[in-house]
Amino acid sequence: MVAIYKAEFFDTSFNLKFWSKIAEPEIIYDYLTLDKTVIVIPGVADVRRGWYCHITWESSAGAVYQGFVSGVDTTKSTTSVQVSPLQALFDFEFFSNRKNYNDNKTDVEGWLRTAILGAFSGEDSIQNIPGLTVTAATHTDGVDMNLKDNIHQFWDLARKIIQNNRIAIDCGFDPQARTITAVIKNHSAESELTIEADLDNITDQKFTIRDNWGDVNKVIIYNAKNLSQSQTFTATDYAAPVVQRIAEVTVGEGETFANVAREKSAELMRTSDADNLIELTFRAVDRIIPDIGIGRRVRILKSGKEYHSVLTGYSLKGGMKTYIFGGVRVDLSKRLKLKGAI
C-alpha cells in the first residue's frame with residue numbers, strides 16, 4: 001500500500017498558499033549539518049523561498065517534518081522543493097562581548113535566547129521573524145563556551161553545546177496560532193534511554209566508534225603578547241602516545257593568562273561521549289523503539305558491549321526510520337560543512 005503524504009506551504013504570516021499530495025519523500029534531519037530535505041510536487045507549483053513547509057502522512061498523528069523553503073527547481077512536469085530545517089533560521093552571526101559571558105558563565109540558555117531575540121525580534125522589521133517566541137526551558141551555569149572573540153556564529157555554538165552539554169534547540173511552527181517557537185533545553189537531567197541494537201526489529205546498524213588513542217593529551221599555551229610566558233596542560237589520563245598541540249592566546253582586558261590558557265587547553269583536549277556515529281534503522285511504525293528527542297542521551301547495547309551517545313539526527317524513507325547518534329560524520333560533504341569549508 002502506497003503511503004499518502006501531503007505538503008502544505010505557508011507564507012511568513014502563516015497564510016496557507018499552496019498544498020499538494022506528494023510522493024513519499026526521503027526526509028533528512030541532521031541537527032549538526034542542517035541538511036535539506038527535497039520533495040517533488042507534480043506539475044509546476046508556485047512555491048517560494050522563505051515559505052514554511054509542513055509535511056504529514058496518513059500513519060502519523062502530527063507533522064513528520066517542518067522547515068522552510070530554501071530552493072525551488074522546476075521542469076515541465078514537476079517542482080522540486082528544497083526544505084531546510086527550522087533550526088537553519090538561526091544559522092547567523094551575532095555580536096556579544098565575550099568577556100561578559102566568559103567571566104560569569106551563567107545561564108547559557110538565557111544567553112542564547114537573548115542572541116536569537118536580538119537578531120529576529122528587534123528594531124529591524126525586515127529581519128524579524130513574525131510570531132517568534134523563544135523559551136529557555138532550563139538555566140545552566142558553568143558551560144565553558146570558550147569564546148575567542150566578540151563575533152559569534154550561532155549554529156557553531158549550538159553544535160558545540162549539544163555534544164558537550166546536551167543542550168538542544170527544538171523548533172516548530174503552528175499555522176493556526178500563527179507562531180514559530182524555539183525551546184532551548186538542557187537534556188542532561190533526563191534518564192539515559194537504553195536501546196538493544198541486536199534486536200530483530202533493528203533492521204540495519206552502523207557503528208563508527210572512536211577511542212581516545214591518538215587524541216590530544218598535551219597542550220602548551222603561549223601568551224601572544226608575552227611569548228616568554230607559557231603554560232603546559234596534560235589530560236587526566238595522560239599516557240603514551242603523546243599527542244601535543246601548541247597554541248597562542250590573546251589575553252583581553254580584565255582577563256588573566258592562566259584562565260585564558262586553561263580554557264584554551266580544555267577546548268583542545270575536550271572529549272565527548274558523543275564522539276561517535278551510530279545509525280540504527282527500524283520500521284517507522286515500530287512501537288518497541290522509543291520516540292527520542294534531539295539531545296537525549298542513549299545507552300546502546302551491541303554484542304555484549306555498551307556505547308553511550310546522543311541523538312543528533314534522523315532520516316525517514318520507505319517506511320523505515322534511522323536514528324543518527326553522535327557528533328561524528330563520515331560523509332565528506334558533512335565533514336567539510338562541520339569544518340566550515342562549505
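Values below: all heavy atoms of this structure, side chains included; hydrogens, waters and symmetry mates excluded.
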| query | Do Trp111 and Tyr101 have ring centres separated by under 6.0 Å? | reply | yes

| Exceeds 12 heavy-atom contacts within 6.0 angstrom, atom NZ of Lys105 | yes

| query | For Asp35, which residues count as a salt bridge (Lys or Arg N to Asp or Glu O under 4.0 Å) partner, sequence neighbours excluded? | reply | Lys334, Lys337

| Crowding at CD1, Ile151 (>12 non-hydrogen neighbours, <6.0 Å) | no

| Between Trp57 and Tyr5, how do the two ring planes meet: parallel, tilted or perpendicular, split at 30° and 60°? | parallel

| query | Taking Tyr307 for the side chain and Phe207 for the main chain, is one N or O donor matched with an acceptor at less than 3.5 Å? | reply | no

| So, do Tyr31 and Trp155 have ring centers that fall under 6.0 Å from each other? | yes

| Partners passing salt bridge (Lys or Arg N to Asp or Glu O under 4.0 Å) against Glu190 (at least two apart in sequence or in another chain) | Lys185, Arg296

| note | Correct closest heavy-atom pair for Ala197 and Ile300 would be CB-CG2, 4.0 Å

| Arg178 side-chain N/O to Ser13 backbone N/O, donor-acceptor pair under 3.5 Å | yes

| query | Under 3.5 Å, is there a donor-acceptor pair between the side chain of Asn150 and the main chain of Phe95? | reply | no

| request: Quick one: sort the Phe94 and His152 rings into parallel, tilted or perpendicular, breaks at 30° and 60°. | output: tilted

| query | Counting only heavy atoms not in Asp200, do more than 12 fall under 6.0 Å of its CG? | reply | no

| Between Ser315 (side chain) and Ile28 (backbone), is there a donor-acceptor pair under 3.5 Å? | no

| request: Under the side-chain hydrogen bond (donor to acceptor under 3.5 Å, both in side chains) rule, collect the residues that match up with Ser230, sequence neighbours excluded. | output: none

| note | When rounded to the nearest 0.5 Å, the distance separating CD of Gln244 from CG of Asn217 is 9.5 Å

| task | Please report the closest heavy-atom contact between Ile161 and Leu112, naming both atoms and the distance. | result | CD1-CD1, 3.4 Å

| request: Could you verify whether a donor N or O on one side chain and an acceptor N or O on the other, from Glu109 and Thr140, lie under 3.5 Å apart? | output: yes

| task | Enter the distance from Trp51:CH2 to Lys17:NZ here, rounded to the nearest 0.5 Å. | result | 5.5 Å

| field | Residue list, side-chain hydrogen bond (donor to acceptor under 3.5 Å, both in side chains) with Arg48, at least two apart or on another chain | value | Asp46

| field | Residues which pass side-chain hydrogen bond (donor to acceptor under 3.5 Å, both in side chains) with Arg159, listed by chain and number, not counting sequence neighbours | value | Asp156

| request: Please check if the side chain of Asn128 supplies one atom and the backbone of Pro130 the other of a donor-acceptor pair under 3.5 Å. | output: no

| said: Keeping Asp107 on the side-chain end and His139 on the backbone end, is there a donor-acceptor pair under 3.5 Å? | reply: no

| field | Of Thr208, Thr33, Asp30, the residue whose pairing with Arg329 passes side chain to side chain donor-acceptor pair (under 3.5 Å) | value | Asp30

| said: Tell me whether the rings of Phe90 and Phe120 are parallel (<30°), tilted (30 to 60°) or perpendicular (>60°). | reply: tilted

| task | Count the heavy atoms belonging to other residues, nucleotides or ligands that lie under 6.0 Å from OH of Tyr222, then report whether that count exceeds 12. | result | no

| query | Are Glu306 and Arg299 close enough for a salt bridge, meaning some N to O gap below 4.0 Å? | reply | yes

| task | Would you kindly check if the NZ (Lys) or CZ (Arg) of Lys321 is within the cone defined by 45 degrees around the ring axis of Tyr314 and under 6.0 Å from the six-membered ring centre? | result | yes

| Of all residues at least two apart in sequence or in a different chain, which pass the salt bridge (Lys or Arg N to Asp or Glu O under 4.0 Å) check with Arg98? | Glu255

| Between atom CD1 of Ile294 and atom CD of Gln87, what is the distance when rounded to the nearest 0.5 Å? | 8.0 Å

